[in-house]
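Right, one structure below, let's go through it.
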Amino acid sequence: MADLIEILDRPVLEAAPLLLGATFRHGGVTLRLTEVEAYDGPNDPGSHAHNGRTDRNAVMFGPPGHLYVYFTYGMHHCCNVSCGPEGQPSAILLRAGEVVEGLETARARRGRSTDRDLARGPGRLCQALGIDRDDNGIDLRGVLEPGPPVAGISSGPRVGLRKAADRPWRFWIPGDPTVSRYVAAKPR
DNA sequence: GTGGGGATTTACT
DNA sequence: GTAAATCCCCACA
């Protein structure tokens, strides 16, 4: 089984699909990742790091294997794994997964939700795992464990972006019920 | 100091 | 399908 840092210390477009099938433990809940998206630093208009380093996105510029958590829409958190050599601001958004441990805890955090929807979408995923801004920057060694290689990975455009909406940098395990559905950005 | 926008989710018609 | 919820971040003045 591949080492986490070995996977993350390479270009984000190579690393992202390799995280599918990995397990992620936090707050008493374990997830099997089924859907991720790649954000490729300064060359990616859709990335938070596109306009350089700020207080918020600093973790993206740091060493690989740390959690970048941000708050959005006034009510949701999203979490990413920093990737690539230090100084290269790329990250992988954890979009969805299947709860494989801590089901009761996840249900309690998510309130009224079907088991399928517990971590189906980045905001739901963070809520199920109890992730918030206090977890920004945490070291993921021993937390995120790569799994065996997954065959037949699908890719397509990222969800909800107005910028760079054409880049097919979303990766998921085809047929898995916990993968979120594609939603284009709403026109203003 | 101000204002536009957002890597979303949920409930309601 | 559409709308509302809700607040932090950041660019610009």
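Below, chains carry the letters A, B, ... as their sequence lines are ordered, and counting in each starts from 1.
- At the heavy-atom level, A/Gly123 lies under 4.0 Å from the strands shown only through sugar-phosphate atoms.
- Rounding to whole angstrom units, CZ of residue A/Arg181 and P of B/dT9 are separated by 10 Å.
- A donor-acceptor contact under 3.5 Å is formed by the side chain of A/Tyr70 with the base of B/dA7.
- Here the P atom of nucleotide B/dT8 and the CD1 atom of A/Ile131 are 16 Å apart, to the nearest Å.
- Residue contacts shown for A/Leu93 include a base, since a base heavy atom lies under 4.0 Å away.
- In the set B/dG6, C/dC7, C/dT6, B/dG6 carries the atom at the smallest distance from any side-chain atom of A/Arg162.
- Between A/His48 and A/Tyr39, a ring centre-to-centre spacing not shorter than 6.0 Å is recorded.
- One can place CG of A/Asp55 at 10 Å from C1' of C/dC9, the figure rounded to the nearest angstrom.
- Atom CG of residue A/Asn80 and atom CD1 of residue A/Ile92 lie 9.0 Å apart, to the nearest 0.5 angstrom.
- Here A/Arg158 lies out of heavy-atom contact (under 4.0 Å) with every strand.
- Looking at heavy-atom distances under 4.0 Å, A/Tyr73 makes contact with a base.
- Here A/Tyr39 counts as stacked on B/dA7: its ring centre is under 5.5 angstrom from the base ring centre and the planes meet at under 30°.
- Candidate nucleotides B/dT9, C/dA5, C/dC7 were compared by shortest atom distance to the side chain of A/Arg124, and B/dT9 ranks first.
- Looking at A/Thr178, A/Val99, A/Asp176, A/Leu20 one by one, the single match for side-chain contact (heavy atoms from CB on, under 4.5 Å) with A/Arg32 turns out to be A/Asp176.
- For A/Met60, the side-chain atoms get nearest to B/dA7 when compared with the rest of C/dC10, B/dA7, C/dC7.
- Across the protein-nucleic acid pair, A/Asn57 atom CG and C/dA11 atom C1' stand 14 Å apart, rounded to whole Å.
- Across the protein-nucleic acid pair, A/Met75 atom CE and C/dC9 atom C1' stand 16 Å apart, rounded to whole Å.
- A/Thr30 and A/Thr23 share no side-chain donor-acceptor pair at under 3.5 Å.
- Judged purely by atom type and a 3.5 angstrom limit, A/Arg10 uses its side chain to pair as donor or acceptor with the backbone of A/Ile7.
- Taking side-chain N and O atoms only, A/Thr54 has a distance below 4.0 Å to OP1 or OP2 of C/dC10.
- In terms of position on DNA chain C, the residue among A/Arg133 and A/His76 whose nearest nucleotide sits closer to the 5' end is A/His76.
- A/Arg110 comes within 4.0 angstrom of the backbone, heavy atoms only, and of no base.
- Residue contacts shown for A/Asn80 include a base, since a base heavy atom lies under 4.0 Å away.
- With distances taken from any side-chain atom of A/Lys186 to the nucleotides C/dC10, C/dC7, C/dA4, the minimum falls on C/dA4.
- Between the side chains of A/Arg124 and A/Ser113, no donor-acceptor pair is found at a separation under 3.5 Å.
- Per the geometry, CZ belonging to A/Arg120 stands 13 Å off C1' belonging to B/dT8, to the nearest Å.
- Looking at which nucleotide of DNA chain B each of A/Ser113 and A/Lys163 is closest to, the 5′-most match is held by A/Lys163.
- The partner of B/dG1, taking Watson-Crick or G-U wobble pairs whose two distances both stay under 3.5 Å, is C/dC12.
- Nucleotide B/dT8 holds its C1' atom 13 Å from the CD atom of A/Glu35, rounded to whole Å.
- C/dT6: no Watson-Crick or G-U partner with both key distances under 3.5 Å is found in any strand.
- As rounded to whole Å, 9 Å separates atom C1' of C/dC9 from atom NE2 of A/His48.
- Residue order along DNA chain B, read from the 5' end via each residue's closest nucleotide, puts A/Arg95 first among A/Arg112 and A/Arg95.
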